[in-house]
> 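What follows is a structure written as structure tokens; I'll ask about it next.
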Amino acid sequence: MVKVSLFGREKETLDFTSIEAQSFHVAREIETKTGAGNDFLGWLNFASKLPEEEIVRIEKTAKRIRENYDTLVVCGIGGSYLGARAVIEALNGLFPEDNFEIIFFGNTLSPDYTAQVLKHLEHKHFAINVISKSGTTTETAVSFRLLKELFVKKFGEEELKDAVVATTDRVRGSLKFEADEIGYETFVIPDDIGGRYSVITPVGLLPIACAGIDIREFIRGVIDGEKMYSGKDFHKNPAYYYGAIRYLMKVQDNMTSEMFVTYHLQYQMIGEWLKQLFDESEGKDGKALLCTSATFTTDLHSMGQFIQQGAPVLFETIIHVRQPKEDVTVKADEKNYDNLNYLAGKEMSFICEKAYEATLKAHTEGHTPAVVLDVDMMNAYSLGNLMYFFFRACAFSAYLLEVNPFNQPGVEIYKKNMFELLGKPGYKK
Ligand code: PA5
């Protein structure tokens, strides 16, 4: 279970009593599915209702892909790739020993990145998992077209059917139509789960399984989360307690920003996933915190100055993982040119922990409070549990803010402008 602690801000002076009644109402709205966007609360109990046959099919497909190809291209954007990438990088690291490569594509319109990935794939026998709930997202659709063209050129039309797995809507969208026409294997994104809550569905599970990660452990963490983080009383429910703190930081302390912090470069994508979850869920009606992310100690050498002494506008939410998976010891050096012998015999985990303690003290004694989320160890189970914790916290604090956490009306505006400029039929210039 995630443990939540508050530093640098007297807990007693956050006015929790002001939200007691409202928070019970909000918790009830979530449980009874009666709040705004209530037809998108399928994630609440999705994992515990996931049929065994679906898990087996995901595992079998992943095995088939790993055995028959050397690379999987995950083609999707936003909620259709961030969760899977966050899990895969957090658990397998940035230089995985696995020979099977996973590439994320369809998440940009950058010509340079697109060209570079296509060149890289020239030498690969790749499979494609195209993921799009709407089936029409431009970044994903254009990239998928380019991937198919390359694949057919290299391996022929006949091979394409087996190389593509489409994760999309049950019935709607052009991707679903194409999948049915050609006969790609398909997985369904449930109607009642939006992109940013979809890492626990085949959207996340298939790429995660393809990366050799135990999805049963991940699902077990989510299912335990369903029990751990559902209590209505925020004093006893860590997810709602964290949701209440961040809401009060906003409305009572007038904070404008929350910075998600980790101390591990391989967790950077967890920060990206969190930014999408919170910014897209809450950033409406001129309300909400701007969620950002940073990796310490790396970013202490860039943003650290602002955090310590810049405008007092932000608080940190630190994902503090107590035990590393691996460790490295600093050895004594006879010459000691670098004067580091005082660290001889010490592990990197020890040095990193001292950096965490030193930074927490500096920032909280300055003007930057911190919420620390303690996680014992990062593995498939604890990451599933942590992600579900954030789902609950996000729904809770968004409802406290009185916004619908499950729509994203603002995202549509740039798309409409772009379609007009590109001359898409049906969009006037
Ligand atoms: O969270 C969301 O709903 C969005 O980020 C979507 O996942 C993203 O826009 C991609 O949409 P789609 O899956 O329809 O291609």
Side-chain angles (χ1 to χ4, degrees), residues 36-44 46 73-87 104-110 114 128-148 164-179 184 186-208 269-284 288 291 293 387-388 390-395 398 403-419 424:
N38 53 12
D39 44 350
F40 280 94
L41 278 163
W43 53 269
L44 277 175
F46 175 83
V73 185
V74 178
C75 187
I77 194 166
S80 288
Y81 95 104
L82 282 165
R85 185 164 180 181
V87 173
F104 294 93
F105 197 55
N107 54 355
T108 178
L109 292 171
S110 157
T114 305
I128 305 163
N129 181 199
V130 55
I131 308 173
S132 178
K133 186 166 185 187
S134 61
T136 55
T137 302
T138 312
E139 291 87 338
T140 308
V142 171
S143 301
F144 183 43
R145 179 182 278 214
L146 295 168
L147 283 173
K148 283 183 292 186
V164 175
V165 179
T167 308
T168 189
D169 190 86
R170 196 180 305 275
V171 284
R172 280 176 302 240
S174 45
L175 179 57
K176 171 66 181 157
F177 178 77
E178 177 179 335
Y184 305 142
T186 55
F187 286 92
V188 168
I189 308 177
D191 289 342
D192 55 359
I193 301 184
R196 54 196 176 274
Y197 297 78
S198 69
V199 62
I200 60 174
T201 74
V203 170
L205 296 177
L206 180 61
I208 293 170
M269 288 306 299
I270 296 181
E272 297 303 309
W273 177 79
L274 284 167
K275 285 193 298 202
Q276 192 215 4
L277 178 66
F278 284 96
D279 286 336
E280 208 165 72
S281 297
E282 291 188 325
K284 293 150 203 176
C291 291
S293 66
M387 287 176 135
Y388 189 85
F390 281 119
F391 285 167
R392 280 276 181 173
C394 182
V403 297
N404 175 355
F406 308 115
N407 64 3
Q408 52 283 330
V411 183
E412 299 309 317
I413 298 168
Y414 97 88
K415 289 187 193 169
K416 194 175 150 284
N417 293 348
M418 178 176 70
F419 291 151
K424 184 171 175 167

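Each residue takes its place number in the sequence, starting with 1. All ligand and atom numbering here is 1-based and tracks the order in the structure.
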> If the cut-off is 4.0 Å to any non-hydrogen atom of Ser134, which atoms of ligand 1 fall inside it?
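In order of number, 12 (P), 14 (O), 15 (O).
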
> Note the single closest protein heavy atom to atom 3 (O) of ligand 1, along with its residue, its atom name and the distance in Å.
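Protein heavy atom with the smallest distance to atom 3 (O) of ligand 1: Gly195 N, 3.5 Å.
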
> Quick one: OG on Ser132 to CD1 on Ile77, what's the gap to the nearest 0.5 Å?
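Ser132 OG to Ile77 CD1: 10.0 Å, rounded to 0.5 Å.
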
> Check whether any N or O atom of Ser132, backbone or side chain, sits under 3.5 Å from an N or O atom of ligand 1, and answer yes or no.
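For ligand 1, there is an N or O atom that lies under 3.5 Å from one belonging to Ser132.
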
> Tell me whether Gly79 has any N or O atom under 3.5 angstrom from an N or O of ligand 1.
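In this structure, Gly79 places an N or O atom under 3.5 Å from an N or O of ligand 1.
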
> Would you indicate whether Lys416, at its atom NZ, is surrounded by more than 12 heavy atoms from other residues, nucleotides or ligands within a distance under 6.0 Å?
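Counting other residues, nucleotides and ligands, NZ of Lys416 stays at 12 neighbours or fewer.
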
> Looking at Val87, Ile193, Leu205, Leu277, which one forms a side-chain contact (heavy atoms from CB on, under 4.5 Å) with Val199?
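Exactly one pass, corresponding to Val87.
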
> Decide whether an N or O pair under 3.5 Å exists between Thr140 and ligand 1.
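Such a contact does not occur with ligand 1.
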
> May I ask you to list the atoms of ligand 1 that are less than 4.0 angstrom from any heavy atom of Ile77?
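By the 4.0 Å cutoff, the relevant atoms are 7 (O), 8 (C), 10 (C).
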
> Does the side-chain hydrogen bond (donor to acceptor under 3.5 Å, both in side chains) test come out yes or no for Thr137 and Ser134, once each step is laid out?
CA-CA 7 Å; Thr137 302; Ser134 61; 3.2 Å; yes

> I'd like to know if the side chain of Lys133 and the backbone of Pro190 have a donor-acceptor N/O pair within less than 3.5 Å.
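Flag set: sc Lys133 to bb Pro190 pair under 3.5 Å.
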
> Among all protein heavy atoms in this structure, tell me which lies nearest to atom 12 (P) of ligand 1, with the distance rounded to 0.1 Å.
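For atom 12 (P) of ligand 1, the nearest protein heavy atom is Thr137 OG1, 3.3 Å.
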
> Please report the interatomic distance CH2(Trp43) to OH(Tyr388), rounded to the nearest 0.5 Å.
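Atom-to-atom, Trp43:CH2 and Tyr388:OH are 5.5 Å apart.
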
> Got the closest protein heavy atom to atom 2 (C) of ligand 1, with its distance?
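Here the nearest protein heavy atom works out to Glu280 OE1, 3.2 Å.
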
> I'd like to check which ligand 1 atoms, numbered from 1 as shown, lie under 4.0 Å from a non-hydrogen atom of Gly78.
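Every atom of ligand 1 under 4.0 Å from some heavy atom of Gly78: 5 (O).
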
> Please state whether the rings of Trp273 and Phe390 are parallel, tilted or perpendicular, taking 30° and 60° as the class boundaries.
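It falls in the perpendicular class, over 60°.
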
> Just verifying a value: how many Å separate Thr168 OG1 and Ile131 CD1, rounded to the nearest 0.5 Å?
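It comes to 10.0 Å.
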
> Among all protein heavy atoms, pick the one closest to atom 5 (O) of ligand 1 and tell me residue, atom and distance.
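Here the nearest protein heavy atom works out to Gln276 NE2, 2.5 Å.
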
> For atom 9 (O) of ligand 1, is some protein heavy-atom partner under 4.0 Å away?
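Not a single protein heavy atom is under 4.0 Å away.
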
